2 protein chains.
Amino acid sequence: MRRVEARHLRYALALAEHQHFGRAAASLGIAQPPLSTQIAALEREVGERLFDRTPRGVFPTAAGAAFLAGARRALDEMAGAVVDAGRAARGETGRLRLGFIGSALLAPLPAVLGRFRRTHPDVRLAVQEMESPAGTAALLAGELDVAVGRATPRGVGAESLVTVPFWTNHLVAVVSTAHPHAGRSTIGVDQLAREDLVITPPDKEPAVSAMLRALFAPERCPLDGATVARDVHTIVGLAACGVGVGLGPDSMRRVARNDVWFCDVTPRVRLPDLLLSFRAADRSPVLAAFLDTVRRTCPDVESRLDRLLAAHPDTAARRAAG
Amino acid sequence: MRRVEARHLRYALALAEHQHFGRAAASLGIAQPPLSTQIAALEREVGERLFDRTPRGVFPTAAGAAFLAGARRALDEMAGAVVDAGRAARGETGRLRLGFIGSALLAPLPAVLGRFRRTHPDVRLAVQEMESPAGTAALLAGELDVAVGRATPRGVGAESLVTVPFWTNHLVAVVSTAHPHAGRSTIGVDQLAREDLVITPPDKEPAVSAMLRALFAPERCPLDGATVARDVHTIVGLAACGVGVGLGPDSMRRVARNDVWFCDVTPRVRLPDLLLSFRAADRSPVLAAFLDTVRRTCPDVESRLDRLLAAHPDTAARRAAG
DNA sequence: CCGCGCGATATCTCTGACGTATCGTGCGCC
DNA sequence: GGCGCACGATACGTCAGAGATATCGCGCGG
């Protein structure tokens, strides 16, 4: 025999368990002589007698007992390695680094992340808030696995990313409960044009800013002197202070405060969709599992994601099999 | 392939290391095609693709990375098991339960145990003081591995024990520095007969008590009204208090006090030897190592132990080889 | 003293691991 | 852009060695 193989460990453990060559061999599904020769070969390889063959049974020597303990651990590790591989392949273990814009934390991230944590408790989630352009850059730099933003990735390398819209927002206005508009269910764009506004700065979410700018007549645009805030909660807070009318996505309604009032904007203004981006070449099972969770959680984008996921052969095969 | 073998783990690790089938195979001393087939068989057995074969190299998939981590641990455990077996066979690990009479702690146990601890730091020593008859009983009950006492084992099962004398003591007397005999280098047995004595009780060390009794004329024996103490230190302490002349083994001189004085007894009285006992059937390498330490530490019993150890075939063979 | 149970040994068989030869393919180079 | 080349996969023959069958050696009990 050249080297110690897993077979020898299995044989030694069976022999220790049955204390009898014949019965141990039977439990292993082999005849007694091969077991004798394999144990002898193992002892020769280890360099120590591992079993005492007595007329009353076969018992491990001190060396044998020490060896058996290690053998048990080794076989456990081997079995564990196979299990770990399967779990990793199914995306049940590993790491997912997610970057997102703050407003996505109102919806739909709570539902998606909550479900993912429940179904994949052993995946380490590294989640950080970042503005859309930074998310694209981090994705390309390999520092993120998934980015959630409102800006379609542009620039060098952007074609290596896959982007899928997965949440739709409409514009809502928020005012202090002391504001004249408080209590109204809707507010018109023309009315907004006469108000002091609180909005997100242009450099933060360019797509949103561009869209808002298109909403108003360029000659006397209320955005020009508007108050800016980088965070949804700040927009709502400033509106509550009476600084002006805050504008943001309808998910802003989830900000729980009793000193503000939300109005739909008429006509209904659709904001740039929340987009989910990832590297097209990324075959990480954790990513596939996350996308699957997104698919199940956001039914309106199911078909679109399904088409994309079909491009992942492994994932597609796994879903077909499951 | 029926089952995952250690070979597959070694191959997978080599492949991960070299990221190249040909070079990995070369490092394993095999040709490239068998490596391909073995890796394929492993992947089939695990049920997951473990390596991505790209034009720029071979890289582990997520499943492969998880598997490789476990494979590394498994092979480490296997190697560790072989090492552990060797160490156990050489008596470098394990447990030694030693019972001894208190006076042995003065000499020669400090030297023997000190040396053994230094040469066998990973052997757990369970050491407890016990009187000679209790040591024999514990040895027979399998609760001790070695017993050190002054009484040759007698009774049922005693023939299954091996006993070897390994330390010789002579009788010394101890008196307070205020005692008339203080300052004398020797004291005669006839003088002792006229003194109040402090001795060990008869039930503790029968062999010593019987020997002392033989020392004096039976008609007016000083032992009859003697003060008894179960511990060497107590004997010395009572002597220091002026209670009487303490009698004990010459190792008693190691009791460090400046208020006592030791005198040799003339004529020189040899006490029953310190005896070391163990089960003849005990093939424990730790015991063998301990006996070897005793042999090296107590040169005067070397030849006697050598003859006994020659009866242990394993041990004898090991010594011949080393 | 013989029979029996058990592990070791002898010998044969056949699986499967490995070697050699060759193929398919994707990339690079002129 | 076609050819060459590097690399992994495949085909197939070979042989080591794992396992099966038969038998031996030995210690124990009746």
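Below, read A as the first sequence line, B as the second, and so on, with proteins coming before strands; counting in each chain starts at 1. Model, not experiment: these values are computed from the prediction. These values consider heavy atoms only, across backbone and side chains, with no hydrogens, waters or symmetry-generated copies.
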Rounded to whole angstrom units, what separation is found between the CZ atom of A/Arg44 and the C1' atom of D/dA18?
14 Å

Closest-nucleotide mapping onto DNA chain C: is B/Ala31 or A/Arg53 further toward the 5' terminus? I mean the 5' end.
A/Arg53

If you only use heavy atoms from C-beta on, which nucleotide in C/dC18, C/dA8, D/dA18 is closest to the side chain of A/Arg49?
C/dA8

Nearest whole angstrom, please: distance from the P of D/dA16 to the CD of A/Glu5.
18 Å

Is there a donor and acceptor pair closer than 3.5 Å between the side chain of A/Gln38 and the base of D/dA18?
no

Which residues in residues 16-26 of chain B have a heavy atom closer than 4.0 Å to any atom of DNA chain D?
B/His20, B/Phe21, B/Gly22

Sorted by chain and number, sequence neighbours left out, salt bridge (Lys or Arg N to Asp or Glu O under 4.0 Å) with A/Arg10 holds for B/Glu5

With a 4.0 Å cut-off, would you call B/Glu43 and B/Arg53 a salt bridge?
yes

Any sub-3.5 Å donor-acceptor pair from A/Arg283's side-chain atoms to A/Ala280's backbone N or O?
yes

Got a donor-acceptor contact below 3.5 angstrom from the B/His20 side chain to the B/Gly22 backbone?
yes

May I ask you to decide whether B/Asp273 forms a salt bridge with B/Arg150, counting only side-chain N to carboxylate O separations under 4.0 Å?
no

Does any part of the side chain of A/Phe21, heavy atoms only, come nearer than 4.5 Å to the side chain of A/Ile39, both counted from C-beta?
yes

Between D/dC7 atom C1' and B/Leu15 atom CG, what is the distance in whole Å?
12 Å

Basic-acidic side-chain contact under 4.0 Å: B/Asp145, B/Arg279
yes

Rounded distance in Å - CD1 (B/Ile30) to P (D/dA16):
17 Å

B/Asp292/B/Arg295 salt bridge by N-O under 4.0 Å criterion
yes

Given atom CZ of A/Phe51 and atom C1' of C/dA8, what is their separation to the nearest angstrom?
16 Å

Closest heavy-atom contact between B/His18 and B/Ser27?
CE1-OG, 3.1 Å

Nearest to the A/Pro34 side chain among D/dG19, D/dG8, C/dG7, which nucleotide is it?
D/dG19

Rounded to whole angstrom units, what separation is found between the CD atom of A/Glu45 and the C1' atom of D/dA18?
16 Å

Residue whose closest nucleotide on DNA chain D lies nearer the 5' end, A/Gly29 versus B/Ser36
B/Ser36

Where the side chain of A/Tyr11 is defined as all heavy atoms beyond and including C-beta, which of D/dA9, C/dA17, D/dG19 is the nearest nucleotide?
D/dG19

In this structure, how many angstroms lie between the P atom of C/dA8 and the CD atom of A/Gln32, rounded?
7 Å

Could you tell me how far apart A/Leu35 (CG) and D/dG19 (P) are, to the nearest whole angstrom?
9 Å

What's touching nucleotides 25-30 of chain C from the protein side, N or O pairs under 3.5 Å?
none

